[in-house]
Amino acid sequence: MENIKFSRRAFVLLIMLTYPITVLRAQVASPKETMMVNAKITAAGELQIAPSSTSSQHDFDFLTGKWTMDNKRLKTRLNNCTEWIPFNATGDYNMILNGIGNMDIYKSAFITVRLYNPETKLWSLYWADSNYGSMDPPVVGSFEGNIGKFYCKDTFQGKPVIVMFRWEIKGKNDYLWSQAFSPDNGVTWEFNSTSIAHREK
């Protein structure tokens, strides 16, 4: 049989197509993977987050350089929407504060600032876009192997939600980022934004 050679983008697309269906499915569903990792809701209703045993200020060092991103987001959230809106972006990554922080600016009008706390060994990720002119509450967490999960409590359309950022390092030149909301304290999740990123050569 003739060998078929996939381009790098085609290979990453193949990864996305085989990615667990609960990540790409628009409606809220019980996920196959454990979403609340090193995090839990206490009896008092507080979100408690602990670092992984390997959490380090170097967790985001893989981001060094310039990236192009193939993004998509749900048209609406938490109402069983299945319409995704694609958009592209490019971004530059820079270290700050002697290596315990980093930031990137996306040409699609987003900015992210990430800060590592050496005492708690937790990362706080701050996100802002030009539509609102303010920072969202930081999602907090760490990496467990090649997957990082970061959480916060927030509100969406007046209702409380847990927000999760999920990072997955696919290799030296590719990563997958996604955002999910849980309206029921982590029982079910809806992924509403995804990004496949490729390092610029």
Side-chain angles (χ1 to χ4, degrees), residues 7-16 19 23-24 37-39 49 51-73 84-152 154 163-181 191-201:
S7 67
R8 178 166 58 86
R9 279 183 182 270
F11 177 72
V12 175
L13 178 60
L14 180 61
I15 291 174
M16 283 295 292
Y19 195 69
V23 171
L24 297 180
V37 177
N38 297 317
I49 303 168
S52 70
S53 60
T54 58
S55 183
S56 164
Q57 73 177 63
H58 300 292
D59 285 341
F60 283 98
D61 285 2
F62 71 93
L63 278 179
T64 299
K66 297 182 178 182
W67 297 82
T68 60
M69 286 143 280
D70 300 322
N71 308 304
K72 63 178 182 178
R73 63 174 180 266
W84 291 87
I85 300 173
F87 63 101
N88 298 320
T90 60
D92 297 327
Y93 165 94
N94 297 286
M95 283 191 178
I96 58 175
L97 300 175
N98 295 320
I100 65 166
N102 55 74
M103 64 182 295
D104 42 40
I105 299 175
Y106 297 98
K107 298 304 187 292
S108 59
F110 298 104
I111 185 172
T112 309
V113 177
R114 307 178 190 89
L115 299 175
Y116 179 76
N117 186 322
E119 293 185 3
T120 64
K121 296 185 177 180
L122 289 169
W123 281 93
S124 296
L125 281 55
Y126 299 83
W127 173 277
D129 71 54
S130 60
N131 292 321
Y132 304 103
S134 61
M135 289 283 189
D136 288 342
V139 289
V140 178
S142 57
F143 270 83
E144 190 84 56
N146 68 321
I147 296 178
K149 293 182 178 178
F150 307 85
Y151 311 88
C152 77
D154 204 348
V163 178
M164 178 182 68
F165 283 10
R166 183 187 187 277
W167 286 78
E168 183 172 358
I169 304 171
K170 293 292 188 180
K172 182 179 179 181
N173 297 313
D174 301 285
Y175 70 80
L176 171 65
W177 172 89
S178 50
Q179 175 183 265
F181 287 177
F191 281 82
N192 52 56
S193 297
T194 65
S195 176
I196 305 175
H198 321 284
R199 186 185 303 279
E200 292 186 3
K201 299 298 185 180

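Because the structure is predicted, anything quoted here is derived from the model rather than measured.
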Using the side chain to side chain contact (heavy atoms under 4.5 Å, CB included) rule, take W127 and V139 through it: C-alpha gap first, then chi angles, then the decisive distance, then the call. CA-CA 9 Å; W127 173 277; V139 289; over 6 Å; no
Side chain to side chain contact (heavy atoms under 4.5 Å, CB included) between R114 and D59: does it pass, once the steps are laid out? CA-CA 11 Å; R114 307 178 190 89; D59 285 341; over 6 Å; no
Which is it for Y175 and W167 under the ring-ring contact (aromatic ring centres under 6.0 Å, His included) test, yes or no, and what are the steps along the way? CA-CA 7 Å; Y175 70 80; W167 286 78; 5.0 Å; yes
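Scanning for side-chain contact (heavy atoms from CB on, under 4.5 Å) contacts around L122 gives I49, P51, T120, V140, with sequence neighbours left out. Residues forming a side-chain contact (heavy atoms from CB on, under 4.5 Å) with T64 (at least two apart in sequence, or on another chain): Y93. Take S195 and apply the side-chain contact (heavy atoms from CB on, under 4.5 Å) test, not counting sequence neighbours, and it matches M69, N71, W177.
Contact annotation: the side chain of N38 never approaches that of K149 to less than 4.5 Å [non-hydrogen atoms, C-beta and beyond]. Proximity of D104 to D92: side-chain heavy atoms (C-beta onward) are nowhere separated by under 4.5 Å.
Considering every non-hydrogen atom in both N98 and Q57, the closest pair reads O-NE2, 4.3 Å. Scanning all heavy atoms of the two residues, the minimum distance from P138 to C152 falls at O-CB, 3.1 Å. Between E119 and N117, the shortest heavy-atom distance links the atoms N-OD1, 2.8 Å. Heavy atoms only, all atoms of each residue included: V163 and F181 are closest at CG2-CE2, 3.6 Å. Contact between P137 and D154 at its shortest, heavy atoms only, is CD-OD2, 3.6 Å. When all heavy atoms are compared, the tightest approach of A128 to M135 is CB-SD, 3.8 Å.
In summary, the aromatic rings of F150 and W123 are positioned with their centroids too far apart to meet the 6.0 Å limit.
Here NZ of K72 is found 10.5 Å from OG of S193. Values are rounded to the nearest 0.5 Å. Put simply, CZ on R199 and NZ on K172 are 7.0 Å apart, with the number rounded to the nearest 0.5 Å. We find the CD1-OG1 distance between I196 and T68 to be 10.5 Å, quoted to the nearest 0.5 Å. Remark: T194 OG1 to Q179 CD distance equals 10.5 Å, nearest 0.5 Å. The CG atom of L125 lies 11.5 Å from the CG atom of D136; values are rounded to the nearest 0.5 Å. Residue M103 holds its CE atom at 3.5 Å from CD1 of I111, rounded to the nearest 0.5 Å.
Judged by distance alone, the side chain of S52 and the main-chain N or O of S142 form no donor-acceptor pair under 3.5 Å. In this structure, the side chain of N146 engages the main chain of I169 through a donor-acceptor pair within 3.5 Å. Remark: side-chain polar atoms of R166 are not paired, donor with acceptor, to backbone N or O of A180 under 3.5 angstrom.
Among F165, F143, Y116, the single residue meeting the ring pair (Phe, Tyr, Trp, His ring centres under 6.0 Å) criterion with F60 is F143.
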